[in-house]
Peer 1: 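Once you've had a glance at the structure underneath, I'll fire off some questions.
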There are 2 protein chains.
Amino acid sequence: MKMTIKDIAREANVSVTTVSFVLNGKAEKISAETIRKVKAIADRNNYVPNVQAVGLVTRKTKTIGLIIPDIENMFFSALAKHIETAFLSQGYNIFLMNTNDILARDLESIELLNNRNVDGIIISLSKEATQGKNMDKIYTALKMTETPFVIVDRDIPRDDCAKVLNDDVFGGYLATKHLIDRGHMNIACITGPMTVSSAAQRLQGYRQAIEEAGIAWNEELVLEGDYQFESGYKHASTLLKKDITAIFACNDLMAYGVYRACLEIDYRVPQDISLVGFDDLMFSSILEVPLTSVKQNVVELSEKIVATMLGQFNGEPIDMHLMIKPSLTERSSVADAKRSV
Amino acid sequence: MKMTIKDIAREANVSVTTVSFVLNGKAEKISAETIRKVKAIADRNNYVPNVQAVGLVTRKTKTIGLIIPDIENMFFSALAKHIETAFLSQGYNIFLMNTNDILARDLESIELLNNRNVDGIIISLSKEATQGKNMDKIYTALKMTETPFVIVDRDIPRDDCAKVLNDDVFGGYLATKHLIDRGHMNIACITGPMTVSSAAQRLQGYRQAIEEAGIAWNEELVLEGDYQFESGYKHASTLLKKDITAIFACNDLMAYGVYRACLEIDYRVPQDISLVGFDDLMFSSILEVPLTSVKQNVVELSEKIVATMLGQFNGEPIDMHLMIKPSLTERSSVADAKRSV
DNA sequence: ATGAAAGCGCTAACAT
DNA sequence: ATGTTAGCGCTTTCAT
């Protein structure tokens, strides 16, 4: 049976008030002797406060709800891990909620977490939720809880809420610029599904780099994929027939599809075609030709999320819209473009 | 502001007791009219009970603690996902705890979850925890909480606690038997680190299949790896010089290393060498030669875990030691052994 | 320097 | 059929 402050009070011959004061560091007026005694008893019996009881009066549960589309997605599992660790060190526990990219489950999760009286909600929207009016539903549901929240990774176009996002535009720019710096002029791009904001943004970064370099825009070089292996393969097969020397695949999975397509027509990476991916999956490092890829900075992302949340708790002025810059992990899939002689 | 039963009571002109009874389905003696009225008010105001308050008196928090080594490991993220979904449908939320395979964090997590008064703990031990005396520490810590728990995936050698494990012996047998059935006689095995129980068990399954087939045991054909890509590569380089026609790599990551080694000496899979992995990572399906691999049944595993936990809650007689049988996902990395002519 | 008492939202034994 | 009341473990205001 767990010990309560009542037990301690009895044993120390003081009131529960005194015990509470001592154990909560509000003991300015309590005699040193009493403090010592109370603390000793608490220590000796491994006293830990009952979180529910404390929560009932303080209206704080010391828990955070984390809503993500899919914990099986490596990006989100990494995120969950870092968030969990960071909050743990602050005395918070994490309720995990998977939505499987279904809007209804976003909504359901928000409600459930609200019923649990979590102190804060961290949410990365389902794909479905990022579309059209659905975003308003989410936003409304979130606001209704009157609980601090922070939007992560997948954006909603509202300014009046805290967000920590990956700078996908910069990521797309980084990948393309790298190719340009190596002398490539004819660079194709296999995008993600354009309904997803990250896809649109990576493409935007690509375009930015192309235009900045004064390269003529060629619509035919950008093909819309769906972030899956197959679409990378299919589009690469098409693109490889054109006059290109490099491909920017907007995620690693599609880049793997590009490798496959190259293999079939006996193209070598990077000798015949340079390739850059996005996500930097663990797998990219053990490929026969390790893939150069844009890496989201999950650690920094997590840190900012935690900081933003704690900032809201403390009513501190916080930077509402944070962008985390990804970086390029250079490996072996990019070579200098051959000089046209 | 959330509504309380007090608010409902006032509005309905009844006592809180009546409201409580109605809302908890203990209203045998309450008049139909009162029931209707109370329910209507509750519904109209989206009343939800305060979990902490309920918990304080019922001593139930409706939360489960999940302790796993690493949510970034695909097996565990899949597990977490299914467990979360299953418990959610029963009204439970999940506290996620990562241990990073560190014993101290297992212990810390158990304590933290205990302080949170979770109703049950699901734990998959850290590697460190599975070694020697450490297991006793875990077991003791778990028992001390007086909270129902179930051990998952990574075993501890005690009979008096609930466990749901993967049948790794059977998995190893399955992989090896498949190779034997295809006519292979000289089958090498690259094991995991022998301190880990799954590694020892997969090897045991391999041995069992070999002996059952009456194939002479050849110690030289089994090499100890560490479940990492590099060790698969290194050992394969050695093994490929010997007179073998097939390799059983005890996880997919090492199998990928085998592919690499084959590539370097121009061996083709499966024409020159047949290969079976273990884990069936998503990646194995998109390899140039898709890998045949043993797949743990995560869904069944999760279901049994949940059932075992709920069984304990209800004091039902439960099967304490469950073994989940993996299955073989056949793809293209295995061919019939060439007939010696 | 310390304690009494009220109250957080709810359940349940015990009236009536 | 419904209400009164005593907690669950804790914080905090107001007395002393």
Side-chain angles (χ1 to χ4, degrees), chain A residues 1-42 45-63 91 114-119 146-147, chain B residues 1-42 45-63 91 114-119 146-147:
Chain A
M1 212 39 218
K2 276 171 195 159
M3 140 159 299
T4 73
I5 51 170
K6 220 166 171 177
D7 299 327
I8 299 183
R10 193 181 316 112
E11 198 168 329
N13 275 313
V14 295
S15 72
V16 292
T17 311
T18 304
V19 176
S20 177
F21 280 156
V22 171
L23 264 22
N24 289 303
K26 297 177 184 173
E28 307 94 16
K29 312 188 165 174
I30 311 289
S31 75
E33 169 57 13
T34 307
I35 294 183
R36 203 198 44 69
K37 192 167 51 175
V38 169
K39 279 192 172 162
I41 298 175
N45 296 283
N46 304 312
Y47 167 79
V48 281
N50 179 313
V51 218
Q52 285 116 265
V54 176
L56 202 52
V57 15
T58 63
R59 326 244 82 185
K60 292 279 164 282
T61 54
K62 288 297 217 170
T63 69
N114 184 223
N115 296 350
R116 287 294 185 147
N117 303 311
V118 294
D119 295 341
E146 297 175 31
T147 303
Chain B
M1 212 38 221
K2 278 169 194 161
M3 137 159 301
T4 72
I5 52 170
K6 221 166 168 177
D7 299 326
I8 300 182
R10 193 180 316 114
E11 198 169 328
N13 275 314
V14 296
S15 74
V16 292
T17 309
T18 305
V19 177
S20 177
F21 280 156
V22 171
L23 265 21
N24 289 302
K26 298 178 184 172
E28 307 94 16
K29 314 187 165 175
I30 312 289
S31 76
E33 168 58 13
T34 306
I35 293 183
R36 200 199 47 67
K37 191 167 52 174
V38 169
K39 277 191 174 161
I41 298 176
N45 296 282
N46 303 312
Y47 167 79
V48 281
N50 178 312
V51 216
Q52 284 116 267
V54 177
L56 204 52
V57 14
T58 63
R59 328 243 82 185
K60 290 279 166 280
T61 54
K62 289 297 218 171
T63 67
N114 184 223
N115 296 349
R116 288 293 185 148
N117 303 312
V118 295
D119 295 342
E146 296 175 32
T147 303

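Every chain is numbered from 1 and lettered A, B, ... according to where its sequence line falls, protein lines coming before strand lines.
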Peer 1: C/dA15 C1' sits how many Å from B/Phe21 CZ, rounded?
Peer 2: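 Rounded to the whole Å, the gap is 12 Å.
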Peer 1: Sequence neighbours excluded, which residues qualify as side chain to side chain donor-acceptor pair (under 3.5 Å) partners of A/Asp7?
Peer 2: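 Expected list: A/Thr4.
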Peer 1: For residues B/Phe21 and B/Ile35, determine if any side-chain heavy atom of one lies less than 4.5 Å from a side-chain heavy atom of the other.
Peer 2: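 No, too far: nothing below the 4.5 Å cut-off.
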Peer 1: Would you please name every residue forming a side chain to side chain donor-acceptor pair (under 3.5 Å) with A/Asn24, sequence neighbours left out?
Peer 2: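 Result, side chain to side chain donor-acceptor pair (under 3.5 Å) vs A/Asn24: A/Ser20.
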Peer 1: Please tell me if B/Ser20 has a side-chain N or O lying less than 4.0 Å from either OP1 or OP2 of C/dT11.
Peer 2: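 It does, given that an N or O in the side chain of B/Ser20 lies less than 4.0 Å from OP1 or OP2 of C/dT11.
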Peer 1: Taking the side chain as C-beta and beyond, is there a heavy-atom pair between A/Asn114 and A/Glu146 under 4.5 Å?
Peer 2: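 Of all side-chain heavy-atom pairs linking A/Glu146 with A/Asn114, none is under 4.5 Å.
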Peer 1: Between P on C/dG9 and CG on B/Asn50, what's the gap in Å once rounded to a whole number?
Peer 2: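 So the CG-P distance, B/Asn50 to C/dG9, works out to 7 Å.
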Peer 1: Starting at CD of B/Gln52 and ending at P of C/dC10, how long is that distance when rounded to a whole Å?
Peer 2: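 Going from CD in B/Gln52 over to P in C/dC10 covers 11 Å.
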Peer 1: side-chain contact (heavy atoms from CB on, under 4.5 Å) for B/Ile41 and B/Tyr47? Distances and angles first, verdict last.
Peer 2: CA-CA 8 Å; B/Ile41 298 176; B/Tyr47 167 79; over 6 Å; no
Peer 1: Does anything in residues 11-31 of chain A pair up under salt bridge (Lys or Arg N to Asp or Glu O under 4.0 Å), and if so which pairs, sequence neighbours excluded?
Peer 2: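 Residue pairs passing salt bridge (Lys or Arg N to Asp or Glu O under 4.0 Å), neighbours aside: A/Glu11-A/Arg44.
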Peer 1: Using atom CD1 of A/Ile5 as one end and atom C1' of C/dA5 as the other, report the distance to the nearest whole Å.
Peer 2: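 Between C1' of C/dA5 and CD1 of A/Ile5: 13 Å.
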Peer 1: Among residues at least two apart in sequence or on other chains, which ones pass side-chain contact (heavy atoms from CB on, under 4.5 Å) with B/Asn50?
Peer 2: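 Result, side-chain contact (heavy atoms from CB on, under 4.5 Å) vs B/Asn50: A/Leu56, A/Arg59, A/Asn117, B/Gln52, B/Ala53.
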Peer 1: So, using side chain to side chain donor-acceptor pair (under 3.5 Å) as the criterion, who are the partners of A/Thr61 when residues are at least two apart?
Peer 2: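 Side chain to side chain donor-acceptor pair (under 3.5 Å) list for A/Thr61, sorted by chain: A/Thr63, A/Asp119.
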Peer 1: Starting at NZ of B/Lys62 and ending at P of C/dC10, how long is that distance when rounded to a whole Å?
Peer 2: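 These atoms are roughly 16 Å apart.
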Peer 1: Which atom names give the shortest non-hydrogen contact between B/Ile8 and B/Leu23, and what distance separates them?
Peer 2: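 B/Ile8 and B/Leu23 have their closest heavy atoms at CD1-CD2, 4.1 Å.
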Peer 1: Whole-Å distance between C/dC8 P and B/Asp7 CG?
Peer 2: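 Distance, rounded to whole Å: 10 Å.
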Peer 1: Tell me the bend of the helix from C/dA1-D/dT16 to C/dT16-D/dA1 as the angle between end helix axes, each from five pairs, rounded to the nearest 10 degrees.
Peer 2: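 One end axis against the other gives 50°.
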Peer 1: Would you indicate whether B/Lys60, at its atom NZ, is surrounded by more than 12 heavy atoms from other residues, nucleotides or ligands within a distance under 6.0 Å?
Peer 2: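 Atom NZ in B/Lys60 is not crowded, with 12 or fewer foreign heavy atoms closer than 6.0 Å.
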Peer 1: Tell me which residues in residues 28-35 of chain A put a heavy atom below 4.0 Å from DNA chain C, sorted by number, or none.
Peer 2: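 When residues 28-35 of chain A is checked for heavy atoms under 4.0 Å from DNA chain C, the hits, listed by number, are A/Lys29, A/Ile30, A/Ser31, A/Thr34.
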Peer 1: For A/Lys39, I'd like to know if atom NZ has over 12 heavy atoms of other residues, nucleotides or ligands within 6.0 Å.
Peer 2: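 It does not: A/Lys39 NZ has 12 such atoms or fewer within range.
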Peer 1: Looking at residues at least two apart in the chain, or sitting in another chain, which of them share a side-chain contact (heavy atoms from CB on, under 4.5 Å) with A/Val14?
Peer 2: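 Here the qualifying residues are A/Ala12, A/Thr18, A/Val19, A/Thr34, A/Val38.
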Peer 1: Calculate the interatomic distance between B/Leu23 atom CG and C/dA12 atom C1'; express it in whole Å.
Peer 2: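 Checked: the CG to C1' distance equals 15 Å.
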Peer 1: Is B/Lys26 close enough to C/dA12 that one of its side-chain N or O atoms is under 4.0 Å from OP1 or OP2 there?
Peer 2: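 So the side-chain polar atoms of B/Lys26 do come within 4.0 Å of the phosphate oxygens OP1 or OP2 of C/dA12, strictly under.
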Peer 1: B/Arg36: what forms a side chain to side chain donor-acceptor pair (under 3.5 Å) with it, not counting sequence neighbours?
Peer 2: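 For B/Arg36 the side chain to side chain donor-acceptor pair (under 3.5 Å) partners, ignoring immediate neighbours, are B/Glu33.
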Peer 1: Can you name the residues that form a side-chain contact (heavy atoms from CB on, under 4.5 Å) with A/Asn46, not counting sequence neighbours?
Peer 2: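 Result, side-chain contact (heavy atoms from CB on, under 4.5 Å) vs A/Asn46: none returned.
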Peer 1: Contact boundaries of DNA chain D with chain B (under 4.0 Å, heavy atoms), 5' to 3'?
Peer 2: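 Boundary nucleotides touching chain B, in 5' to 3' order, are D/dA1 to D/dG9.
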Peer 1: Which of residues 10-18 of chain A sit near DNA chain C, with a heavy atom under 4.0 Å from it?
Peer 2: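 Correct list: A/Asn13, A/Val14, A/Ser15, A/Thr17, A/Thr18.
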Peer 1: Would you mind reading off the distance between B/Lys6 atom NZ and C/dG7 atom P, rounded to a whole angstrom?
Peer 2: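 One finds 8 Å between P of C/dG7 and NZ of B/Lys6, rounded.
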